[in-house]
Number of protein chains: 2
Amino acid sequence: MWPLREVAVNQPAPPIQVDRNSPVPLYFQVAQHLEQQIESGELATGSRLENEIDLADQLGLSRPTMRRAIQYLVDRGLLVRKRGVGTQVVHTKVRRQVELTSLYEDLVKAGRDPRTRVLSFGREPAPATLVLEFGLAEGTEVYAFERLRYADGEPLALMRNYVPSGLMDLTPEDLERHGLYNLLRAAGVNLRIARQSIGARTATAAEARALGETRGASLLTMERVAYDDHGRVVEHGKHIYRASRYSFDLTLTGW
Amino acid sequence: MWPLREVAVNQPAPPIQVDRNSPVPLYFQVAQHLEQQIESGELATGSRLENEIDLADQLGLSRPTMRRAIQYLVDRGLLVRKRGVGTQVVHTKVRRQVELTSLYEDLVKAGRDPRTRVLSFGREPAPATLVLEFGLAEGTEVYAFERLRYADGEPLALMRNYVPSGLMDLTPEDLERHGLYNLLRAAGVNLRIARQSIGARTATAAEARALGETRGASLLTMERVAYDDHGRVVEHGKHIYRASRYSFDLTLTGW
DNA sequence: GTCAATAGTTTGTCCTGACATATTTACGTT
DNA sequence: AACGTAAATATGTCAGGACAAACTATTGAC
């Protein structure tokens with residue numbers, strides 16, 4: 001299971017060079033180089049790295065700096081370490097992080113030509129459920145809006161959202177042109193964490209009509225609250241998706 | 001947004017004590033103490049910590065150790081740091097990590113009295129889809145089994161799974177008594193990452209009968225592949241849940 | 001030949017010390 | 001009074017060294 005020594009160790013000296021005058025931290029330069037070598041296959045899947053001390057010597061760095069570079073890649077799941085044994089490149093299949101993105105960005109990435117129609121838009125006091133369930137300050141004014149999201153010209157999702165109006169200025173035009181999360185980021189909001197609940201139910205007549213489904217079709221439902229890095233509620237959404245055209249893909253990591 | 005200094009700084013000396021004879025690393029002891037103080041409200045939401053150097057002095061630790069303790073909590077989202085400013089406790093609502101758990105554990109935690117009935121169990125060569133889609137080595141023998149999961153005496157989910165037989169010994173009795181992920185962990189498998197796809201569809205007649213739903217009811221579907229820390233495929237599952245009784249709750253973190 | 005003790009390798013933890021950089025606060029000049 | 005500059009403050013990065021603990025492989029005893 002753990003490869004033999006002679007077989008596993010790669011090139012005697014990985015040709016990494018660090019630039020001490022760069023503003024980029026040394027540990028990060030090393031981490032990037034290593035990541036690139038892993039990604040390019042230069043450091044093969046399953047192969048063992050040389051030990052920290054030798055690597056540090058070869059690059060003219062201290063061991064703590066080398067360790068930090070390696071730790072960074074361990075945290076991102078590219079390397080595995082075992083005390084008394086060594087550091088090994090993880091199988092390629094096990095990459096990628098959990099990301100906090102929105103439907104709009106996902107669709108753009110997938111080249112699915114997203115369009116948005118704003119069905120309703122307004123400002124109002126935050127509804128009681130938001131205050132009670134998610135700890136929004138009482139009396140906060142929020143934008144409330146409803147959007148229909150299309151992909152490749154076909155309706156895909158019906159989205160109802162609340163956003164505290166103190167965070168940013170928002171217009172229906174903004175929402176037609178950009179994804180909500182991009183707008184939040186552009187306003188300087190640092191999304192840090194979001195709680196989602198994903199379920200399913202059958203469509204009501206009105207929902208079926210809006211989404212172009214038949215009555216009684218299965219829908220994916222998603223309710224989400226997002227917080228910024230100070231713990232303020234930044235967004236609340238209740239979305240429904242056509243199950244025939246959408247599914248949630250996610251990557252979970254455990255210790 | 002960032003609280004004033006005089007207001008924010010808490011007790012002059014948090015009464016933390018570390019045990020240098022404990023096998024638990026010092027940085028971890030400190031992190032746990034701090035976490036407990038935050039959880040108990042002793043360190044209030046939004047309050048600022050003293051600076052690293054003073055804290056280290058007060059505990060008789062070096063700055064790197066203190067930093068590591070703080071960094072641990074920053075990574076877990078309990079603290080926020082800003083260079084030149086300080087370290088602040090994040091709002092209470094923004095806790096909790098993504099966890100790699102199984103339905104069984106979740107139900108136990110919720111006190112829902114989980115039961116499992118094994119509908120079928122066998123060993124067979126890995127099906128072609130597993131080899132092609134998820135990179136399982138060709139010719140691998142796998143356990144293939146089907147389980148019906150009950151909560152509080154009511155059927156909740158129908159689960160079809162594959163597990164490479166080389167990983168562990170598995171019997172239907174094991175599966176009736178424990179969750180799959182607990183069994184894997186007990187066999188020394190380190191779950192590291194899982195890819196899930198969550199969708200919805202209407203129940204077939206057979207599925208509806210097994211789950212006690214009416215025909216045409218909405219079901220939540222989940223397909224998952226889990227990998228261990230060496231990148232080996234450890235488990236594949238295709239599950240269906242009664243949408244009327246189950247939803248996926250998840251927490252996403254972004255940078 | 002088998003098993004237990006031992007030596008060697010590698011990562012884990014912790015220390016002291018130094019300088020860099022971002023941010024806020026205070027001061028002094030205009 | 002307003003503005004730009006400097007000082008104070010806090011975290012970020014890096015070095016070099018020491019010892020501990022886990023794991024592997026070898027050696028030695030029976």
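When each of D/dT11, D/dA15, C/dG12 is scored by its nearest atom to the side-chain atoms of B/I53, the top-ranked nucleotide is D/dT11. Considering only the side chain of B/R83, C/dT21 comes nearest among C/dT21, D/dT13, D/dG16. Here D/dG12 is the nucleotide among D/dG12, C/dT11, D/dC23 with the atom lying nearest to any side-chain atom of B/E52. Side-chain proximity of B/S62 to the nucleotides C/dC14, C/dT24, C/dT13 is greatest for C/dC14. Here the nucleotide nearest the side chain of B/V85, chosen from C/dT11, C/dT23, D/dC14, is C/dT23.
With DNA chain C read from its 5' end, the first of the two nearest nucleotides for B/L61 and A/Q71 is the one closest to A/Q71.
Nucleic acid contact for A/P64: base, since at least one base atom lies under 4.0 Å from a heavy atom of the residue. Counting non-hydrogen atoms under 4.0 angstrom, A/T65 reaches the backbone sugars and phosphates but no base. Using a 4.0 Å heavy-atom cutoff across all strands shown, A/R68 reaches sugar-phosphate atoms only and no base atom.
Relative orientation of the B/Y143 and B/F121 rings is tilted, given thresholds of 30° and 60° on the angle between their planes.
Within the 4.5 Å cutoff, side-chain heavy atoms of B/E235 are placed close to those of B/Y181. Looking at heavy atoms from C-beta onward, A/E52 lies in side-chain contact with A/R81 at the 4.5 angstrom threshold.
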_Derivation of the side chain to side chain contact (heavy atoms under 4.5 Å, CB included) call for B/V90 and A/Y227_ = CA-CA 11 Å; B/V90 167; A/Y227 300 86; over 6 Å; no

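Phosphate contact (OP1/OP2 of D/dC14, side-chain N/O of A/Y27, threshold under 4.0 Å): absent.
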*For DNA chain D, produce a single dot-bracket line, 5' to 3'. Pairs: Watson-Crick or G-U wobble, both distances under 3.5 Å. Symbols: ( ) within strand, [ ] crossing, | other strand, . unpaired.*
||||||||||||||||||||||||||||||

